[in-house]
Amino acid sequence: MGKYQDDVQALLRLVGGKENIQAVSHCMTRMRFVLVDPSKADTKQIERLSSVKGTFTQAGQFQVIIGNDVGAFYNEFTAFAGIEGVSKDAVKAAAKTNQSVIQRIMGTLGEIFAPLIPALICGGLILGFHNVIGEINFFADGTQSLADVSTFWNGMYSFLWLIGEAVFHMLPVGIVWSITKKMGTTQILGIILGLTLVSPQLLNGFSVATAEEIPVWDFGFAQVQMIGYQGQVIAAMLAGFVLVFLERFFKKHCPEVISMIVVPFCSLVPAVIIAHTVVGPIGWRIGDAIAAVVNMGLASNVKWLFAAIFGVVYAPLVMTGLHHMTNAIDSQLVNAYGGTNLWPMIALSNIAQGSAVLGMSVLQRKNERAQQVNVPACISCYLGVTEPALFGVNLKYGFPLVCGMIGSGLAAVISIGTGVTAYSIGVGGLPGILSIMPQYWVSFLIAMLVAIVVPFVLTLLVGKVRLSMEERLGEDAAPAAPAAAETAPAAPAAAAETGAVSVKAPLSGRVLPLEQVPDEVFSQGILGEGVGIEPTDSTVVAPADATVSTVMEESRHAVGLTLANGAELLIHVGMDTVEMKGDGFALHVKVGDKVRTGDKLITFDPDKIRAAGHPVTTAFVVTDAGDARPTFATGLDAVAGQTEVMRF
């Protein structure tokens, strides 16, 4: 009889039976199902199973959280159900059949832009500093800038443009590279194609409108304009997909023995020709048209209505993943008009949702358990990371989400009404003001004030009516125990202090409250209590003397340990890094190994994780504490294998 026989049988029945399972796989902590009819899954009953820590649906996958022992559970489940498990890629592919065409397009768009967002944010901030230094006349009665009066700052003004130009003028290189990476074709060919779009031989795309004459390639029978596509988004995307199509076609039809020669040549050369003669000009016009339509809406007589609608619906868009389309639109607006007034509304929406959480924090100030989620969620939302706030607080109660949407809509109207414009995408919260053009700082501050005050006040007013005493006070709302209970003999003091187990940090870095980990499964404590670590190093070590109980041999991104006292720990490097399939990770232990504090477990490449679009934040949780009650230390800079972050 298997360890999980009862739960395995019940889970198969509760997901709708074998016939309702299209595909199933697992990662370090979760069973991942693609169901024929997701509505047949009885989530309430599934979550009551003793082995199950929670469920959620994401990107067409119904995920059942098991914990460290998911491998054993998965093996029992597939054996009992008579189903052959498949790879995570196969599950992901099957999951797309449960998504609409729009969801698939938006998902692909999001995966293409995700690796580029850090560079876009960095570039936006740098352009902000660049223009503060050289474009605002603070001195000589408003006639000279900091760069005009200081040799150092003049040099810095010129130097910062080096980075800004690399980010925004060379953006097509990053886009085409990201497309080839996403579609699984040769990335260096994508980089080369991108470089041909921004070659210095071409007329800079930003200069086309003012150029007296556009140079051409003259082939006798035809002429092709030598125009660069600096900053162009749609044109670069179309060129990237042409390259992907050609490479896949020639790989399929070319004999393996000559593919190394034929495929790159026959893919790249036609792709470059098509990019400059067909899809480049078409993409340029499409991009300009999209930017013009959005800009018209934001500059029309009813721009306040456009802004109000966008401000209200943006938070729900985030929860569906459709918000990824705004990255392309923002980039196109920056290219066409030198700035974007769409992005400031996104920052205001994030601030508004954070303010709704702030209101909940005040309402639940005596509910210690709720505050463990509210406070970190509010802080992270104000800093631009909205998921903990949206999924952990606002969506859970409903009305804070609506209050935030109302405040966001009002703030967006003020932002558009006063013409607030950003240099580019920035940090989507309070620090977002650094990406706003300085002449609009006052207006943006007023809009920020509305985004803070309105959701906060509305949440307080509605919450006083909607929240029960138990939700507001937590354990303090429970009726007092009978007086006789006070005379009951005290429980024997635990001997934990004498046999205390000290658990060190598995990674060097900043130790964060678990609620700040950018993944709802970890941040909500579904897998157990623990901490997050923002690493400054790339080596995971054993945090205590332990036995290796679980590893992910394919992805190599996580390891489970069992301590001598029976407690089980999970170290999960980065978020969603299972999708990297082990690229950038090296595993140094196997199941059953005995390790001592400081022994090497995993090494990883943080740059590869970031380049793949994943947070490098590492979760360190107690998945099974047994009879022990662990305590945690956060807010400190830890040294791997030396600094205590847990104690049993």
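Rounding to the nearest 0.5 angstrom, the gap separating the CG atom in Leu49 from the CG atom in Leu14 is 6.0 Å. To the nearest 0.5 Å, atom SG of residue Cys378 and atom CE of residue Met360 are 12.0 Å apart. The OG atom of Ser25 sits 12.5 Å away from the CZ atom of Arg30 when rounded to the nearest 0.5 Å. From Ile433, atom CD1 reaches atom OH of Tyr440 across 14.0 Å, with rounding to the nearest 0.5 Å. Taken to the nearest 0.5 Å, the NE2 atom of His614 stands 6.0 Å off from the CG atom of Asp576. Taking CE from Met437 and CG from Asn341, the interatomic distance works out to 9.5 Å, rounded to the nearest 0.5 Å.
For the pair Thr421 (side chain) and Gly419 (backbone), a donor-acceptor distance under 3.5 Å is present. Asp637 places no side-chain N or O within donor-acceptor distance of the main-chain N or O of Gly509, the cut-off being under 3.5 Å. Panel note: side chain Ser178, backbone Gly174; no donor-acceptor pair is recorded below 3.5 Å. A donor-acceptor pair under 3.5 Å is formed between the side chain of Thr418 and the backbone N or O of Ile414. Side chain of Arg510 to main chain of Pro535: no donor-acceptor pair is present (N/O by atom type, distance under 3.5 Å, no hydrogens or angles). Side-chain atoms of Arg365 come within 3.5 Å of backbone N or O of Val362 as a donor-acceptor pair. Checking side-chain atoms of Trp441 against main-chain N and O of Ile436 turns up a donor-acceptor pair under 3.5 Å. When atom types are taken as modelled, the side chain of Ser555 and the backbone of Val578 share no donor-acceptor pair closer than 3.5 angstrom.
Closest non-hydrogen pair, Met345 versus Ala412, comes out as SD-CB, 3.5 Å. When every heavy atom of Leu401 is checked against every heavy atom of Gln353, the shortest pair comes out as O-NE2, 3.4 Å. When all heavy atoms are compared, the tightest approach of Val517 to Phe522 is CG1-CB, 3.9 Å. The two residues Ser415 and Ala447 make their nearest non-hydrogen contact at N-CB, 4.4 Å. Here the closest heavy-atom approach between residue Thr459 and residue Cys403 is recorded as OG1-CB, 3.5 Å. When all heavy atoms of Thr623 and Leu569 are compared, the closest pair comes out as OG1-N, 4.2 Å.
Remark: the Gln364 side chain and the Tyr397 side chain contain an N/O donor-acceptor pair separated by less than 3.5 Å. Side-chain contact of Ser361 with Gln371: a donor-acceptor pair under 3.5 Å is present, judged by distance alone. Side chains of Thr617 and Glu534: a donor on one and an acceptor on the other come within 3.5 Å. Of the N and O atoms on the side chains of Ser355 and Tyr382, at least one donor lies less than 3.5 Å from an acceptor on the other residue. Defined by atom type and a distance below 3.5 Å, a donor-acceptor pair is present between the side-chain atoms of Asp7 and Ser50.
Annotation: side chain of Glu529 is in contact with side chain of Phe632 (closest heavy-atom distance under 4.5 Å). Leu348 is listed as a side-chain neighbour of Phe444, based on a closest heavy-atom distance under 4.5 Å. Put simply, the side chain of Ile416 does not reach to within 4.5 Å of the side chain of Val420, judged on heavy atoms. In this structure, Arg647 and Val503 have side chains that are not in contact, with every pair of non-hydrogen atoms separated by 4.5 Å or more. In this structure the side chain of Leu430 reaches within 4.5 angstrom of the side chain of Ile351, judged on heavy atoms. At a threshold of 4.5 Å between non-hydrogen side-chain atoms, the residues Ile21 and Val36 do not count as touching. Contact check for Phe620 versus Leu507: no side-chain heavy atoms found under the 4.5 Å cut-off. Residues Phe456 and Pro400 form no side-chain contact, since every pair of their non-hydrogen atoms from C-beta on lies 4.5 Å or further apart.
Using cut-offs of 30° and 60° for the angle between ring planes, the His572 and His557 rings count as perpendicular.
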* To do: Mind running side chain to side chain contact (heavy atoms under 4.5 Å, CB included) on Met580 and Lys608 for me, showing each step along the way?
  => CA-CA 9 Å; Met580 296 176 66; Lys608 279 194 174 183; 4.2 Å; yes

* **Derivation and outcome, side chain to side chain contact (heavy atoms under 4.5 Å, CB included), residues Asn394 and Val357** => CA-CA 7 Å; Asn394 294 352; Val357 179; 3.3 Å; yes

* Test side chain to side chain contact (heavy atoms under 4.5 Å, CB included) applied to Ile179 and Lys182, step by step -> CA-CA 5 Å; Ile179 288 172; Lys182 155 67 181 165; 5.7 Å; no

* Asked: Are Ile46 and Leu11 close enough, and set up right, to give a side chain to side chain contact (heavy atoms under 4.5 Å, CB included), and what steps lead you there?
  -> CA-CA 6 Å; Ile46 291 173; Leu11 179 60; 3.9 Å; yes

